[in-house]
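The structure appears right after this line, and notes come after that.
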Amino acid sequence: MNKMLILLILLFPALLLAQEEVPKLQAPSSPAASIMGLQPSVVLAPKSYKALEASLFSNFMNNEGGFIVPNDFALEFTPYWTKDHGLTLPDYLFPKRLDDQLIRSSSFSLATTRNFLLGDSSASNALAFGYRTTFFISNGADKRRLESLDGHTETLSILNTRIVSAMEEQVARSVTDKNLLCQLIQPVAEQALKDSKLFSKADQQTFIKELIRDIKNIELDPADPDAFLDSFIALVDEKLEGEQAFNDYKDYIRERFGFSVDLAYAALLNFPTNDFEYSFLTRQSVWITPAYRFADKLNMLKIMGVFRYTWYNLDYYARYFPLVKVYDRNLDYGLAVNVGFDKFSMAFELVGRHSNSLVSAGFDPEGNQLYRKEKDNDTQYAGTFSYRLSEQIVLSYTLGSSFDPILNPESTLISLLALNLGFGSPPNPSAR
Amino acid sequence: MRKTYRYKDLSFAVADNASVTFKVELVSDGNKVQTLINVPGPNDPEIKDNDTAVIGTGNTLRNDTTIVVSDIMNPVPEEDTIAINYYVNGELLVEHTNPKSDSERPIVILYIKFPAP
C-alpha cells in the first residue's frame, strides 16, 4: 500500500497539487530524526510550521539495489499552536518578551526505527526524542518590510469594505437594476479610492470605468442575488490585486530578514535486546544554530552556522560495538548556505568535527589514576536539493560525504531521498 | 482564495434610547481584520482588529438593516483556522469559524435588525 502511494506521488505529482489543506512544509529537520541518523545533515534547518509534522525517510534502495518501502518514522510537535490565544498579527510578529518566543516555538520530536544496527550487524529497536526552540531578532529592514506590507493590505481592506458594504446595502434594499446599482456605487468607490491615496487621478478614473463595465457583465438574479454579490466581491478584489498583496505578506512572514538562533537537544535510546526494560541512553546532542537571512536583492540567500556537541556512552559502545573507535566528546562546527526559490531550494553544508576521549593510562607511583587524551578530526559535506510537490509534500535529495560512520568507516557516501508529509489539525466541526 | 460567509436574519432587540455597541473579538491567532459597520445614514464606524464601536441608539438603527462587512486575512503559517466573535452590547451575536483550507481571506457579512423589545 505504502509502495503504491509513493509510486503514485512520484509519478503523478499533479494529483497532489490540487490538495491545499495545510501550509507549506520544509525539508525534514527534527532533532530526534537527526540524532538517530535518519537525516544526515548536521545543520538543523528551521522546523516546519505545522503543529504536527510527520516524515518518512528512506534511500529507497536496499543492499541489492532494489526498491524498499521506508519504515523509519519521525514526528515533530509544537504544543503552543494547538489552542487559540487571540494574538493579533502585530502580537504574533513582535513578541514582547523573550519567554513568549521560547514558548511559542518550543517543539518536541520523536523518531523510531526497527533497524538500528549494532556492532554485530543485528537489528535492534531505537527511539530518539528531541526538543527545539527558536529566537528571532528583528532588524530595521524586517520592520520596514512588515510596515510596508501591513500598511498596503490595510489600505486595500479599508477600500474593499467600503465598496462592498455599499453594494451589499443597495442589494439588501432590493435594488436589482444594474444601471441604478452602478450609479449608486460609483460615488462611494470614487471617494474610497481618493481616500486610499493608492491611485493617481487617471488610474482612479480607469478603475471606476472598468468596474462599472464589468459589473454590467455579471448576471444578477433578483430571487438569489448572493451569486451576483460574490462575483462583485471577487471583481473588486481582482482589481485591487488583493490576493497578490496577501501572498506577498504571507510569503515574507515565512522568511523574514534578520538574525535567528535555533537551540535544540536530542537523545538516542537503544533497546539492544529488543526488551523494553533493557535500554541504554547511547548518545546525546546539543545544537546551536545561528542563521541570518539577507534583505533586498539577496533575499533568497540564508547563511547558517552550526555548533553541535555530542557525547557518547562509552560503556554502551564498548559492549555493543567492541571493534569500533568511539570518542567520548565530539564538537561539530561549520557553515551552511541555503538558496531558496519558489518551489525549489538548495542547501550546502561544510562541517568539521573535533573528537576526543580521556583513556585510562594506568596509575602513578602514588596510586592515582592516569589518563591519556586521544583526539581525531573529520569533515562532512553535503548538498540537498528540495522540491515542493504541493503545499504539504516536499521531496528532497541529499548527496555528499559524511563523517566516518561508527559501523562502516569506509561508507561515507550520503545518498538520501526523503519525502516529507504534513498533516493539519482536524477541521473545526462548527466551521461553516 | 476569497470566500464570503453571510449571516442573515440576525436580530437584536434594543430600546429606543439605548446605546448600541458592536465589538469584534479575534479568537484564533494571527488574524488581521478590517470591519465596517454600515448603519442607516452616514458616518459608518470602522474597527481595526479587536475593538468596540458605538454604532448608534435603538431608534436610529430601527429603520433599516445594519450591514457589517469584515475583510479578514490570516497569513500566519502556524494557524489553520480563522475564528472571530461578534458581540452586540456584550452579547455574543455570531461566532464565525472557517478552516484556512477553505479560505485564508474570507469576507464575513452580518445582516442585523434592531427591533424594539
Side-chain angles (χ1 to χ4, degrees), chain A residues 19-24 48-51 78 80-81 83-93 104 149-150 153-154 156-162 164-166 168-169 172-173 226 229-230 233-234 237-238 242-243 245-254 391 424-425 427-428 430-432, chain B residues 1-8 25-40 44 46-50 64-85 94-111:
Chain A
Q19 301 171 13
E20 294 190 356
E21 294 194 344
V22 295
K24 292 174 189 174
S48 296
Y49 286 116
K50 290 308 300 175
T78 312
Y80 181 84
W81 299 105
K83 61 176 284 194
D84 292 327
H85 312 85
L87 297 177
T88 62
L89 204 45
D91 289 340
Y92 168 85
L93 293 169
R104 289 180 197 179
L149 291 164
D150 198 70
T153 50
E154 187 171 318
L156 294 182
S157 289
I158 292 170
L159 242 171
N160 195 39
T161 51
R162 290 182 184 177
V164 168
S165 75
E168 294 280 340
E169 178 189 0
R173 287 179 176 163
D226 285 0
L229 290 166
D230 289 350
I233 288 169
D237 192 55
E238 185 189 325
E243 188 75 17
F246 171 73
N247 286 334
D248 289 348
Y249 205 165
K250 189 172 79 167
D251 290 346
Y252 180 69
I253 286 173
R254 289 170 190 270
E391 290 288 305
S425 305
N428 186 333
S430 64
R432 292 166 174 84
Chain B
M1 188 181 71
R2 190 122 263 207
K3 191 169 177 179
T4 307
Y5 299 82
R6 290 189 170 77
Y7 296 86
K8 296 183 175 179
E25 179 190 53
L26 310 187
V27 178
S28 60
D29 296 316
N31 294 304
K32 181 172 170 63
V33 186
Q34 180 69 30
T35 301
L36 183 142
I37 302 128
N38 188 330
V39 294
D44 296 331
E46 291 176 283
I47 293 174
K48 180 183 170 182
D49 293 335
N50 278 313
D64 211 344
T65 302
T66 293
I67 300 172
V68 178
V69 178
S70 282
D71 185 331
I72 303 164
M73 59 179 249
N74 191 310
V76 170
E78 291 90 345
E79 184 58 77
D80 52 18
T81 303
I82 288 172
I84 292 163
N85 290 343
V94 167
E95 202 173 348
H96 171 78
T97 68
N98 73 267
K100 283 173 66 178
S101 54
D102 281 359
S103 179
E104 294 175 299
R105 307 174 53 226
I107 296 269
V108 172
I109 303 179
L110 319 181
Y111 301 78

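Naming convention: chains lettered A, B, ... in sequence-line order (proteins, then strands); numbering from 1 in each chain. None of these values were measured; they are calculated from a predicted model.
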Measure [X] against the heavy atoms of chain B and call it side chain, backbone, both or neither at under 4.5 Å.
{"X": "A:R162", "answer": "both"}
{"X": "A:L93", "answer": "neither"}
{"X": "A:N247", "answer": "neither"}
{"X": "A:D226", "answer": "both"}

Closest approach of [X] to [Y] (non-hydrogen atoms, all atoms of both residues):
{"X": "B:P75", "Y": "A:K250", "result": "O-CG, 3.6 Å"}
{"X": "B:I67", "Y": "A:A172", "result": "CD1-CB, 3.9 Å"}
{"X": "A:L89", "Y": "B:G30", "result": "CD1-O, 3.6 Å"}
{"X": "A:S165", "Y": "B:N38", "result": "O-ND2, 3.3 Å"}

For residues [X] and [Y], determine if any side-chain heavy atom of one lies less than 4.5 Å from a side-chain heavy atom of the other.
{"X": "A:T153", "Y": "B:M73", "value": "yes"}
{"X": "B:S70", "Y": "A:T161", "value": "no"}
{"X": "B:L26", "Y": "A:T88", "value": "yes"}
{"X": "A:L229", "Y": "B:R6", "value": "yes"}

message: I'd like to know whether A:D84 forms a side-chain contact (heavy atoms from CB on, under 4.5 Å) with B:E79, so could you lay out the CA-CA distance, the side-chain angles of the two residues, the decisive distance to 0.1 Å, and finally the verdict.
response: CA-CA 9 Å; A:D84 292 327; B:E79 184 58 77; 3.7 Å; yes

message: Testing the 3.5 Å rule here: is there a donor-acceptor pair between the side chains of B:E78 and A:Y92?
response: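 Their side chains do contain a donor-acceptor pair, which is all the 3.5 Å distance test asks for.
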
task: Verify the distance criterion only: is there a donor paired with an acceptor across the side chains of A:E168 and B:Y111 at less than 3.5 Å?
output: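 Short answer, yes.
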
message: Walk me through whether B:T65 and A:E169 qualify under side-chain contact (heavy atoms from CB on, under 4.5 Å).
response: CA-CA 8 Å; B:T65 302; A:E169 178 189 0; over 6 Å; no

task: Answer yes or no: is there a donor N or O on one side and an acceptor on the other, between the side chain of B:D29 and the main chain of A:G86, under 3.5 Å?
output: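 Yes; judged by distance alone, with no hydrogens or angles, the pair exists.
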
task: Please determine, among A:G242, A:P90, A:A234, the option with the most heavy-atom pairs under 4.5 Å with chain B.
output: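 It is A:G242.
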
Top contributor to chain B contacts, counting heavy-atom pairs under 4.5 Å, from A:V164, A:L156, A:I233: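 Going by pairs under 4.5 Å, I would pick A:I233.
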
Which value, rounded to the nearest 0.5 Å, describes the distance between [X] atom [atom1] and [Y] atom [atom2]?
{"X": "B:R105", "Y": "A:S157", "atom1": "CZ", "atom2": "OG", "result": "8.0 Å"}
{"X": "B:L36", "Y": "A:I158", "atom1": "CG", "atom2": "CD1", "result": "9.5 Å"}
{"X": "B:N74", "Y": "A:F246", "atom1": "CG", "atom2": "CZ", "result": "7.0 Å"}
{"X": "B:D49", "Y": "A:D91", "atom1": "CG", "atom2": "CG", "result": "9.0 Å"}

field: Interface residue of largest heavy-atom contact number with chain A, from B:D71, B:I82, B:I72, under 4.5 Å
entry: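 Winner by heavy-atom pair count: B:D71.
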
message: Evaluate B:R2 against A:E243 for salt bridge (Lys or Arg N to Asp or Glu O under 4.0 Å), listing each step before the verdict.
response: CA-CA 8 Å; B:R2 190 122 263 207; A:E243 188 75 17; over 6 Å; no

- request: Carefully, step by step, assess B:K3 and A:D230 under the rule salt bridge (Lys or Arg N to Asp or Glu O under 4.0 Å).
  value: CA-CA 8 Å; B:K3 191 169 177 179; A:D230 289 350; over 6 Å; no

Chain A contact via B:N31 - which portion, at a heavy-atom distance below 4.5 Å: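 Looking at B:N31, just its backbone touches chain A.
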
- prompt: Is it true that atom NZ of B:K8 has more than 12 heavy atoms of other residues, nucleotides or ligands lying nearer than 6.0 Å?
  reply: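 Yes, because the 6.0 Å sphere around NZ of B:K8 holds more than 12 heavy atoms from other groups.
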
